[in-house]
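Note that the structure is a prediction, hence the values are computed from the model and not measured.
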Amino acid sequence: MVPPQGYQWWYVDAISDDGQFGLTIIGFIGSVFSPYYNKSGREDPTDHSCINVALYGPRNARWVMTERGMEQTEQQPDTFRVGPSAMRWDNDRLTIDIDERDSRVGIPWRRRVKGKVVIHPEMLNQRSFKLDPEGKHNWHPIAPRARVEMQMEHPDISWKGSAYVDSNHGSEPIEHGFQHWHWSRAHVGKDVAVTYEGLRRDGSYFASALRFDSNGESTERELLPVSPLSRTFWGVKRQTRADHGIAKIRKTWEDTPFYCRSALDMQIEGEKVVAIQESISLDRLINPVVQWLLPFRMPRDT
């Protein structure tokens, strides 16, 4: 159970084999980005749940993040259901059923987003990592490497590709623990490289470079040089780690006042890779102007 003030999410990202399309899906309990959870005093995380779906590509891009209350939320050992959508483990695969309406700022007409995403893990990791000394914030890379089958009815699009699955949980609001962070992951041969670094709220810095082998076992690697990336349209600072400190932005997938997600071209230990990267500013998230804007992108269905 997620405690009062706390949160948990399950995160999936994927990119098509031809590199043209991408997706992210995040199931939230105690949604860390929710202005409604913030205003409520955060006493009941289950009352602020959602399944966020983002589809990227040259056509049929969509954004879904409708929050729902406890009456529409169900959590079982292998299933997380919010309204008409669900994430569930079927033996050795993760199946995500999507039936939602999208959200577009300034456009009241909401398009249907319906389909199925199936994740086939190629490796599983049992180890979780503390992001702070007290263990108030934790990260679990569940399936650092996977295959994905995406079949959507609305919009009509399907593809196969590579994927990644993880989870985060915490016992206090995320902005209490951090000022900002940068994260990236890349498939390197049969391994997976993940970099996670940021500035905690107390001013201490954390940074790690992990390598997961084909069995899902992790080892710590030396941090590669920082690769500064251009700021987003909203001015969010972003960076990654790469050979010689060089990385190129292939596509900015998500660009908001406090958060961005990008696909990158770079090299890790001499191998060319496509990395998925995110940067978040928690100081910006809690800005009153940003809190006022958030309902336009994440409506609440009561």
Going by atom types alone, do Asp255 and Thr232 pair a side-chain donor with an acceptor below 3.5 Å? yes

Salt-bridge present (Lys39, Glu67; N to O < 4.0 Å): no

Compare all side-chain heavy atoms of Val194 with those of Phe129 and state whether any distance is below 4.5 angstrom. no

Side chains of Thr95 and Asp90: do they bring a donor and an acceptor to under 3.5 Å? yes

So the side-chain hydrogen bond (donor to acceptor under 3.5 Å, both in side chains) pairs with at least one residue in residues 148-160 (sequence neighbours excluded) are His120-Glu149

For Phe296, which residues count as a ring pair (Phe, Tyr, Trp, His ring centres under 6.0 Å) partner, sequence neighbours excluded? Trp292

Arg241: which residues meet the salt bridge (charged side-chain N to carboxylate O under 4.0 Å, His left out) condition with it, sequence neighbours left out? Glu197

Pair Arg297-Thr256, side-chain donor/acceptor within less than 3.5 Å: no

Show every salt bridge (charged side-chain N to carboxylate O under 4.0 Å, His left out) that has at least one partner inside residues 11-29, sequence neighbours left out. Asp13-Arg185, Asp17-Arg147

Sequence neighbours excluded and cut-off under 3.5 Å, please list the side-chain donor-acceptor pairs for residues 271-280, or say none.
from: Glu271; atom 1: OE2; to: Gly189; atom 2: N; distance (Å): 3.0
from: Gln277; atom 1: NE2; to: Gln239; atom 2: O; distance (Å): 2.9
from: Gln277; atom 1: NE2; to: Ser279; atom 2: OG; distance (Å): 2.7
from: Glu278; atom 1: OE1; to: Tyr259; atom 2: OH; distance (Å): 2.6
from: Glu278; atom 1: OE2; to: Trp181; atom 2: NE1; distance (Å): 3.1
from: Ser279; atom 1: OG; to: His182; atom 2: ND1; distance (Å): 2.7

So the salt bridge (charged side-chain N to carboxylate O under 4.0 Å, His left out) pairs with at least one residue in residues 53-63 (sequence neighbours excluded) are none

Polar side chain donor-acceptor pair, Tyr7 to His137, under 3.5 angstrom: yes

